[in-house]
Every structure is written in C-alpha cells, then in structure tokens.
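First up is the structure itself, then whatever we jot down about it.
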Amino acid sequence: MTRRVDLDPSAVEVRDLWIPMADGVRLRARAWLPSTADREPVPVLLEYLPYRLDDWTSVRDSERHPYYAAHGYASVRVDIRGSGNSDGLFEDEYSAVELDDGVAVVEWLAAQPWSTGAVGMFGISWGGFNSLQIAERAPEALKAIVTVCSTDDRYDNDVHYMGGAVLAVDMAGWAGTMLAFASRPPRPEVVGAGWVERWRERLEHQRPLGPAWLAHQERDDYWRRGSVCENYPGIRAAVLAVGGWADPYRDAVLRLVRNLESPVRGIIGPWSHQYPDRGLAPGPGIDFLGETLRWWDRWLKGVDTGVEDDPELRAWVSDPVAPTPYVEEQPGRWVGVPWPGDAPTHRMPLGTDRVQVRSPWATGQDAGRYFPFGNAADLPPDQRAEDGRSVCVDIPVGEVPLDLLGRAVARLRVNSTHDRGHVIVRLCDVAPDGSSTLVSRGVLNLLKRDGMDTAVPMVPGEDVDVEVPLVAAGYRFPPGHRIRVALSNHYWPWVWPHAVEDTLEVDLAASSVVLPLLAPGAVPVEFGPAVHARPITITVPGGAEDPVPPRVVRHDVARGETVLEVDPGYGGTRRYPDGLQFLESAREECRVREGDPTSPRTESHWRLQLSNDGWAAHVETRSVITCDADTFLVENSVRATAERDGVEETVFERTFHDRVPRTSA
C-alpha cells in the first residue's frame with residue numbers, strides 16, 4: 001500500500017516557466033518551489049521528458065515534485081524540444097540536440113535566484129536514460145542523479161535488440177508508440193491560437209523511428225551515442241541506480257554499481273517498469289521518495305545522511321509463488337551486499353548427450369510482456385507449454401536452498417545446420433506439482449557470438465563454444481524443486497527469426513550453466529513503506545470504452561499460424577482537472593506461421609483524441625513491420641485532424657514506406 005499525504009499548500013509554490021535555449025527555442029517547464037525559495041535559495045531537482053507535463057504525466061508528477069518542494073528543493077519538470085508544449089522539433093531518442101538542451105537546462109536552473117547552484121536529476125525510463133547521459137557530459141552544477149528503470153547500453157539493453165537479435169515485440173511496439181506520442185498536438189491553452197500550425201510543422205518534420213533502428217543491426221556509433229557504458233569515468237555525479245526484477249533494464253543497476261568511479265549505490269526490488277512507490281504490481285513498494293531525499297540531502301546539501309554506509313547493492317530475493325501473469329505482492333526478503341563482492345557460484349553441468357534443438361516458430365508466446373507495467377497479464381504464465389516446445393534439462397536443487405543473485409551464464413557447445421541462428425536459454429523453477437516459473441532468460445544471435453559490433457557467419461556442422469548471459473535475477477530455489485534449463489532456437493515475438501529453417505545441435509557434455517549465488521555475508525535491510533504526495537484527481541467519464549482483454553493468444557491449427565494481441569494499457573479515457581479529455585486506445589499484434597520465414601509480422605495501431613472547450617485533436621497511427629528473406633519492410637501511417645470552433649480540418653496525412661536490408665537479423 002502507498003500512503004498519500006496532503007501537503008501544506010502554503011508551503012509550496014507552483015510556477016510555469018519557459019526555459020530559453022541558445023537558438024531561441026523555449027522549453028516548457030513547471031517548477032514546484034518552497035514558498036521561501038526566493039529569500040532562501042534551495043537546490044534544484046530536474047526531470048526531463050518528452051511525455052507532456054501539462055497532461056500525460058501530470059498525475060505522476062504531482063505525486064513527487066510537490067513532495068520534494070515540501071522538503072526543501074525546487075523540483076522542475078521539463079518537456080524536451082518538440083514535445084508537449086515546448087518549442088522546436090523532435091529528432092530521435094537521446095539526440096545530441098536533446099542532450100545539449102539538457103546541459104543548458106541544468107546550467108539555467110543553477111543560475112536562478114531561487115537556486116543554490118546545486119542541481120540533481122532524476123527520472124524513470126527516458127528520464128533515467130537522459131539523467132545518465134547528461135551526467136556523462138558532466139556539467140559542473142550536476143552533483144547527483146537518481147536513475148530508475150534505465151540503461152547504460154542502448155544497443156543490447158533497450159527496446160531494440162537483445163543478445164544481438166531484433167527485439168520484435170518492441171521494435172514495432174515502441175516505434176509505434178513513439179509515432180503516436182510524437183504526433184500529439186501542443187495545447188491551445190498554452191501555446192495560443194497558432195497551435196494547429198505549430199502541430200502541422202511538427203508532423204511534417206517527424207520521421208518514424210523504426211526504420212532508423214533497424215538500419216543499425218550491429219552495435220555501431222548510432223547506439224554508442226548515449227550509451228554511458230562507453231565512458232563510465234565521464235560520470236562525476238553521485239548515482240543512485242534503481243531497478244526491478246520485472247523490468248528489462250535491471251542489469252544496468254549491477255553494471256553501474258560495478259563500474260562507476262563516482263559515488264554509487266544500487267537498489268533492485270520486485271517491481272515492474274514503474275516508480276517503486278506507486279502501489280503497482282508486483283509489490284511490495286518502498287519509501288522511494290524518502291530514500292532519494294537521503295541521496296539529495298547528502299550530495300546537494302552536504303548533510304551526512306548515512307547513504308555512504310548503505311550496502312553497495314540492496315536487492316530483493318524472491319521466494320517462489322505459483323506461476324501467474326499477475327502477483328500483487330511478491331514474497332521474499334531484502335538483503336544488502338557488496339557488489340560484485342566475493343559471492344560464490346554454482347556450476348550446473350547439463351548432461352552427457354548431444355541433443356537436437358528445433359523449436360516451433362511460436363515458441364515464446366508465453367514470454368510475458370517485455371515492459372511489464374503492473375497490468376493483469378504482464379508477467380510470464382506457467383512455462384510448461386513453452387518447456388514442451390523446448391529441450392529441457394532438470395537439475396534437482398538438493399537439500400539446501402540456492403539463492404540466486406546476479407546474472408547466470410550458459411556456456412554451450414553448439415553447431416547449426418545454417419550459417420546463422422539464435423539460441424535462447426530460459427531458467428525456470430519447477431515445483432513438485434510440475435508448474436514451471438520463469439526466473440531468467442538469455443538470447444544470443446549466433447552471428448554476434450564474437451561481439452555485438454560485428455556479424456560472423458557460422459560454419460554449418462562445426463562445433464562452436466558460445467556464452468549466453470541471462471538477465472539478472474534475485475530468486476530462492478527451495479529444496480524439493482528442480483532448476484530447469486530450457487533451450488530453444490525460436491522465441492517469437494520477442495526475437496525476430498532469421499530467414500532460415502535451422503536446427504541446432506547442443507553438446508550437453510560440454511555445456512553448463514553457472515549461477516551466481518547470494519554472498520554468505522549478506523545482511524538484512526529494511527525500507528519504510530511507500531509514501532508520496534496526494535496526486536491530482538482525474539476522472540473516467542461515464543460510458544467510457546469497455547475494457548478489452550490485455551493479452552490474447554490465438555492459434556490457427558490448419559494454417560499453423562499463431563497470433564498474439566496485446567492491449568498496452570497506457571491510459572484509456574480520462575478527464576483532467578482543467579477540463580481536458582484525453583482518449584488513448586492502442587492494440588499491438590504479432591503473428592507468425594510455422595516454418596515460413598516471410599510470415600513474421602508486427603503491428604502497432606493507436607487512436608488518440610484530445611479535446612477541451614472550443615477545440616479537439618484526433619490522431620491515428622499505424623506501424624507495421626514485415627519481411628522477406630533479405631529485407632525488412634516497414635510501413636507507418638499518420639492521420640491527424642483538428643477541430644476549432646466546430647470546424648474540422650485535416651492537419652496531416654501520410655504513409656511512409658521503408659525497405660531496410662537484413663544485414664545480421
């Protein structure tokens with residue numbers, strides 16, 4: 001449960017600001033300040049996002065920015081250039097312009113009369129990314145950051161590629177989402193009567209991002225930009241890195257704690273892709289704002305809050321539960337450990353046989369959502385069906401529990417019937433009743449076995465030793481259970497299949513999985529319960545759309561075709577306190593037909609409507625990726641209409657067609 005506190009309204013002042021950039025562009029900002037800040041300057045906290053502070057993130061913003069202001073900070077939320085009501089045009093994720101602007105914003109905030117000159121940055125996902133990226137640029141005023149559910153590696157730990165394989169489920173899904181998000185209009189109440197003209201300029205400038213992402217199938221300079229793992233020493237700010245075991249970016253927390261030279265601490269809980277104080281599954285939440293205040297007070301105010309005495313890593317070790325796509329409260333315990341420390345490992349040989357791995361193309365349909373948000377069908381269900389589509393090796397746990405903490409590694413000797421292929425490794429906990437819970441997984445595009453920046457064909461029939469790192473986990477395998485290692489060469493729709501019908505052979509006698517175990521010196525730690533400011537109230541109008549199933553799998557037996565339909569569950573219909581009505585509906589679809597390399601298809605379809613007194617805006621976007629043996633075929637469409645004083649007009653309508661060669665995917 002999250003406790004929502006009422007703040008003294010006389011203690012916090014809210015100001016809407018325009019922050020000027022050197023080229024004349026102004027960025028829309030909102031600042032929550034202590035009411036005494038003009039007389040008694042305070043440190044400043046910055047959250048910097050493309051997600052519309054005037055509506056879309058306003059509920060989340062109201063939970064934390066006023067809370068920080070009530071505790072002695074100026075807390076500022078800024079929309080990046082070309083988003084929300086900010087001037088300018090959007091270019092790409094984490095563009096050089098975005099980061100240049102971010103540095104300028106930090107410097108502008110440090111120079112304000114209500115600022116002490118010390119600045120911190122925080123954010124989740126995009127805001128966590130650019131907090132790290134701007135910290136790597138090391139503006140003098142930036143003293144500390146809190147980065148949540150973010151990554152230091154844009155190629156191999158983001159929404160585009162995984163283990164060098166195209167992340168099909170989110171390559172289209174996130175590209176479609178960004179197309180829809182970037183196509184939303186500025187607010188007439190903020191930018192004035194010329195809002196349609198400004199909107200049209202944005203729409204005519206923007207280009208869908210999917211083709212750009214697919215055009216860089218190896219780790220090249222496009223992905224190195226903004227990947228702070230390229231320059232850990234460049235970060236001088238103190239870093240608190242926070243992640244969740246149900247979030248795809250949790251490995252970054254471990255890498256940051258291991259590699260940063262600046263003060264750093266890590267926290268990984270059971271959470272999904274959410275701030276850990278929002279009361280969303282899986283819980284339990286923590287007093288995240290209290291923890292961050294300890295961080296800010298130490299590095300922005302010079303107060304000894306004891307953060308340097310905290311363990312380098314505080315992590316949740318989950319206890320088993322029956323496999324389910326939704327768990328409100330995950331059982332387990334908090335531990336504190338030095339990282340990486342001297343933790344022991346447990347090597348598990350996989351057997352003595354040579355086995356053939358030729359899994360159905362729809363293996364992976366029970367993978368769960370790549371980005372769990374705490375919705376009803378986000379987590380992986382029982383893996384028994386997936387296990388039946390894979391080659392499995394079961395290892396008894398033994399008489400004492402095994403506590404996994406960190407990244408397991410599969411070391412496999414494989415050969416392939418083709419010059420390319422994928423190998424997917426899943427680590428499952430099999431209970432005495434036979435139920436199978438997914439604990440971790442890893443993917444390797446065999447073309448990238450020598451590194452993500454190059455593609456080396458396999459020699460068909462030749463044995464090759466490869467390593468498949470699995471994503472990190474904190475999990476207790478109890479006595480009486482079995483650890484299952486499941487091998488497959490398909491994992492749709494997470495992994496886009498190569499245009500071949502390949503078979504892998506795995507020499508189990510030369511293969512093993514190594515588990516990192518919890519250090520014997522781990523200490524129990526505690527957090528306070530979740531608390532944040534009482535958020536603004538939004539309402540769901542009567543007669544809103546009926547809920548649709550969040551995740552549906554259909555299988556056409558005659559055609560051998562499997563179709564996955566997903567409702568991303570971003571918002572639906574809601575009304576904001578200023579009268580704005582915001583309607584969002586989205587549907588994602590992934591389909592594949594057994595053995596047909598031209599059959600993979602992903603689609604993201606969005607409808608948006610914003611309306612208030614005297615105006616309305618409608619947006620419909622569609623993003624589709626298909627393929628043939630040599631090419632990705634990408635189609636994106638946008639249609640936008642506006643209504644002013646009862647008169648409707650078409651603002652923009654276009655379909656984009658792109659062909660991208662398949663170089664290593």
Side-chain angles (χ1 to χ4, degrees), residues 12-21 25-33 45-66 68-69 74-90 98 101-102 105 109 123-127 130 177-178 180-203 206 533-541 570-584 606 608-619 640 642-644 651:
V12 177
E13 180 184 345
V14 183
R15 299 179 187 176
D16 286 337
L17 308 172
W18 292 100
I19 300 179
M21 298 293 101
V25 164
R26 302 174 308 156
L27 303 186
R28 173 72 167 174
R30 180 164 296 140
W32 290 259
L33 298 93
L45 306 178
L46 167 64
E47 187 176 22
Y48 179 51
L49 292 169
Y51 295 147
R52 302 177 64 91
L53 69 87
D54 284 295
D55 42 63
W56 204 70
T57 66
S58 59
V59 175
R60 189 178 84 188
D61 295 345
S62 68
E63 294 171 343
R64 53 208 68 249
H65 290 279
Y68 285 141
S75 196
V76 183
R77 168 73 171 83
V78 179
D79 278 340
I80 70 171
R81 173 185 299 243
S83 69
N85 293 308
S86 290
D87 298 343
L89 302 171
F90 176 79
E98 176 187 336
D101 285 351
V105 169
L109 293 172
I124 183 171
S125 198
W126 197 303
N130 62 29
T177 298
M178 277 307 300
F181 282 10
S183 297
R184 297 175 293 189
R187 292 280 299 271
E189 300 91 341
V190 178
V191 304
W195 68 279
V196 171
E197 290 68 34
R198 291 184 60 172
W199 186 20
R200 181 178 289 114
E201 182 185 19
R202 284 186 186 180
L203 291 167
Q206 80 164 338
R534 189 176 301 280
I536 62 171
T537 301
I538 60 171
T539 58
V540 177
Y570 280 107
T573 300
R574 64 262 194 202
R575 187 181 298 276
Y576 291 89
D578 65 358
L580 177 76
Q581 181 162 297
F582 206 121
L583 167 64
E584 287 178 329
W606 278 80
L608 302 143
Q609 176 180 308
L610 292 78
S611 60
N612 210 337
D613 292 340
W615 68 274
H618 304 261
V619 178
E643 186 177 317
R644 291 185 280 191
V651 179

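- For Ala31, the side-chain contact (heavy atoms from CB on, under 4.5 Å) test picks out Leu17, Leu33, Val76, with sequence neighbours left out.
- Residues that satisfy the side-chain contact (heavy atoms from CB on, under 4.5 Å) test with Pro535, not counting sequence neighbours, are Arg4, Val59, Ser62, Glu63, His532.
- The ring-ring contact (aromatic ring centres under 6.0 Å, His included) check on Trp32 picks up His65, with sequence neighbours excluded.
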Practice problem: Kindly indicate, with the supporting measurements, whether the criterion side-chain contact (heavy atoms from CB on, under 4.5 Å) is fulfilled by Ile19 and Arg26. | Solution: CA-CA 5 Å; Ile19 300 179; Arg26 302 174 308 156; over 6 Å; no

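- The distance from atom CG of Leu608 to atom CH2 of Trp56, rounded to the nearest 0.5 Å, is 10.5 Å.
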Quiz item: Can Asp79 and Arg81 be said to form a side-chain contact (heavy atoms from CB on, under 4.5 Å), step by step?
Solution: CA-CA 7 Å; Asp79 278 340; Arg81 173 185 299 243; over 6 Å; no

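- Among all heavy-atom pairs drawn from Arg198 and Pro186, the shortest one is CB-CG, 4.4 Å.
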Exercise. Begin with the C-alpha distance, continue with both residues' side-chain angles, and end with the deciding distance and a verdict on side-chain contact (heavy atoms from CB on, under 4.5 Å) for Arg202 and Phe90.
Key: CA-CA 8 Å; Arg202 284 186 186 180; Phe90 176 79; over 6 Å; no

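- Cation-pi geometry between Arg184 and Phe181 is satisfied (NZ or CZ under 6.0 Å from the ring centre, within 45° of the ring normal).
- No donor-acceptor pair closer than 3.5 Å links the side chain of Asn85 to the backbone N or O of Asp54.
- To the nearest 0.5 angstrom, Leu49 atom CG is 9.0 Å from Glu98 atom CD.
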Exercise. Quick one: do Val190 and Trp195 satisfy side-chain contact (heavy atoms from CB on, under 4.5 Å)? Show the steps, please.
Key: CA-CA 9 Å; Val190 178; Trp195 68 279; over 6 Å; no

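- At least one donor-acceptor pair under 3.5 Å links the side chain of Arg574 to the backbone N or O of Gly572.
- For the residue pair Asn130 and Gly127, the shortest heavy atom distance occurs at OD1-O, 3.1 Å.
- Residues Leu27 and Tyr48 form a side-chain contact, since some pair of their non-hydrogen atoms from C-beta on lies under 4.5 Å apart.
- Applying the side-chain contact (heavy atoms from CB on, under 4.5 Å) rule to Asp16 yields the partners Arg28, Arg30; only residues at least two apart in sequence or on another chain are considered.
- Here Asp87 contributes atom CG and Met21 contributes atom CE; the two are 10.5 Å apart, rounded to the nearest 0.5 Å.
- In the model, Thr57 has a side-chain atom that pairs as donor or acceptor with a side-chain atom of Asp61 under 3.5 Å.
- Every side-chain contact (heavy atoms from CB on, under 4.5 Å) that Ser183 has, sequence neighbours left out, goes to Leu179, Leu203, Gln206, Val619, Thr621, Val638.
- Atom CZ of Arg60 sits about 8.5 Å away from atom OH of Tyr51, to the nearest 0.5 Å.
- From Trp18, atom CH2 reaches atom OG of Ser86 across 6.5 Å, with rounding to the nearest 0.5 Å.
- By the 4.5 Å heavy-atom criterion applied to side chains, Asp101 and Ile80 are not counted as neighbours.
- Rounding to the nearest 0.5 angstrom, the gap separating the CZ atom in Arg187 from the CH2 atom in Trp615 is 5.5 Å.
- The two residues Asp578 and Asn612 come nearest to each other via the heavy atoms O-ND2, 3.4 Å.
- Legend: residues meeting side chain to side chain donor-acceptor pair (under 3.5 Å) with Gln609, ordered by chain and number and at least two apart, are His618.
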